[in-house]
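Structure first, commentary second.
Just so it is clear, the structure is predicted and the values come from calculations on it, not from any experiment.
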Amino acid sequence: LNAITGMAHILRRSGLTPQQTDKLDKIETASSHLLETINSVLDLSKIEAGKLVLEEVPVHVEALLGNIASMLGQKARDKGLRFQIETISLPHHLQGDPTRLQQALLNYASNALKFTEAGQITLRVTEEAQTDSTATLRFEVEDSGIGIPPEALSRLFNSFEQADNSTTRKYDGTGLGLAISKKITEVIGGTAGVIS
């Protein structure tokens with residue numbers, strides 16, 4: 001896969017006809033999708049084998065949410081959606097794994113973007129509890145999208161499951177993103193859920 005994407009990159013710099021550029025775009029899109037799928041399967045395997053190693057480094061929640069907004073904000077604007085962040089004054093000196101936390105939140109926010117055609121997407125963080133040595137934060141991703149049928153809610157976080165598992169479904173995906181996000185959340189000591 002690395003060879004395919006590398007050669008596609010080299011080909012793009014060699015002066016192509018519009019027809020060749022179109023075919024190369026399709027190769028790169030398919031390669032990118034396949035790479036995401038491989039990485040998701042590897043992440044899930046690592047988590048299920050108990051081999052996911054968490055970092056213990058400073059976590060700057062506002063910066064983390066800003067990263068997600070910068071990655072998805074333009075796509076939201078392109079769809080005519082408002083993308084907003086709601087945060088409160090948070091404790092300083094938080095420690096944890098910002099990479100895995102961002103991965104989980106990005107999965108949720110990407111799903112919100114995928115399934116929302118009008119309105120807004122809101123990333124929200126609130127503080128649930130605090131002791132001398134810990135802080136429990138609640139992260140929410142709220143959207144004005146299509147919602148989830150009640151019968152699909154119970155399997156939403158299962159591996160390789162989607163709300164719509166039919167072969168004619170409108171939205172693409174592997175059904176791994178939410179399962180991985182939930183497992184990451186559990187490994188760091190939290191819980192994940194959904195309200196539709």
Is the count of non-hydrogen atoms from other residues, nucleotides or ligands lying under 6.0 Å from Q19 atom CD greater than 12? no

Looking only at heavy atoms, the pair that brings T116 and S144 closest together is CG2-OG, 3.8 Å

Assess the residue pair T122 and R82 against the criterion (side-chain contact (heavy atoms from CB on, under 4.5 Å)); give the C-alpha distance rounded to whole Å, side-chain angles, the decisive distance to 0.1 Å, and a yes or no. CA-CA 8 Å; T122 303; R82 287 186 312 283; over 6 Å; no

From R138, E140, Q84, residue fulfilling side chain to side chain contact (heavy atoms under 4.5 Å, CB included) relative to R124: E140

For residues V59 and G96, report the shortest heavy-atom separation together with the two atoms involved. CG2-N, 3.4 Å

Main chain of L11, side chain of S14: is a donor-acceptor contact present, judged purely on distance under 3.5 Å? yes

Heavy atoms only: give me the nearest L113-A76 pair and the separation to one decimal. CD1-CA, 3.6 Å

Value for CD1 (I121) from CD1 (I85), rounded to nearest 0.5 Å, stands at 11.5 Å

What verdict does the side chain to side chain donor-acceptor pair (under 3.5 Å) test give for Q103 and N107, after you've listed the backbone C-alpha separation in whole Å, the side-chain angles of each residue and the deciding distance to 0.1 Å? CA-CA 6 Å; Q103 179 183 2; N107 253 322; over 6 Å; no

Between E55 and D97, what is the shortest heavy-atom contact and its length? N-OD2, 2.9 Å

Can you list the other members of the hydrophobic cluster that holds V53, where links are side-chain heavy atoms under 4.5 angstrom apart? none

Which pairs of donor and acceptor atoms, one on a side chain in residues 185-196, lie under 3.5 Å apart (sequence neighbours left out)?
| residue | atom | partner | partner atom | Å |
| --- | --- | --- | --- | --- |
| T185 | OG1 | S181 | O | 2.7 |
| S196 | OG | I148 | N | 2.8 |
| S196 | OG | I148 | O | 3.3 |

Taken to the nearest 0.5 Å, the spacing of L72 CG from S110 OG works out to 4.5 Å

How long is the straight-line distance from CD of E86 back to CG of L65, given to the nearest 0.5 Å? 11.0 Å

For the atom pair NZ (K46) and CD1 (I180), what is the distance rounded to the nearest 0.5 Å? 11.0 Å

Derivation and outcome, side-chain contact (heavy atoms from CB on, under 4.5 Å), residues L137 and L90: CA-CA 9 Å; L137 304 180; L90 294 168; 3.9 Å; yes

Least distance between heavy atoms, F157 atom then K182 atom: CB-CD, 3.5 Å

Give the cluster check for I10 versus L16: same hydrophobic cluster or not, with ILVMFWY residues linked at side-chain heavy-atom distances below 4.5 Å. no

When rounded to the nearest 0.5 Å, the distance separating OG1 of T5 from CD1 of I27 is 11.0 Å

Measure across L81 and Q120 and return the closest heavy-atom pair with its distance rounded to 0.1 Å. CD2-N, 4.5 Å

L54-V57 co-clustered via ILVMFWY side chain contacts under 4.5 Å: no

Other residues, nucleotides, ligands: >12 heavy atoms within 6.0 Å of M71 CE: yes

Any chance you could lay out the side-chain contact (heavy atoms from CB on, under 4.5 Å) test for D22 and K26, step after step, and finish with the verdict? CA-CA 6 Å; D22 179 59; K26 289 181 172 113; 2.8 Å; yes

Nearest 0.5 angstrom please: Q95 CD to T134 OG1, how far? 13.0 Å

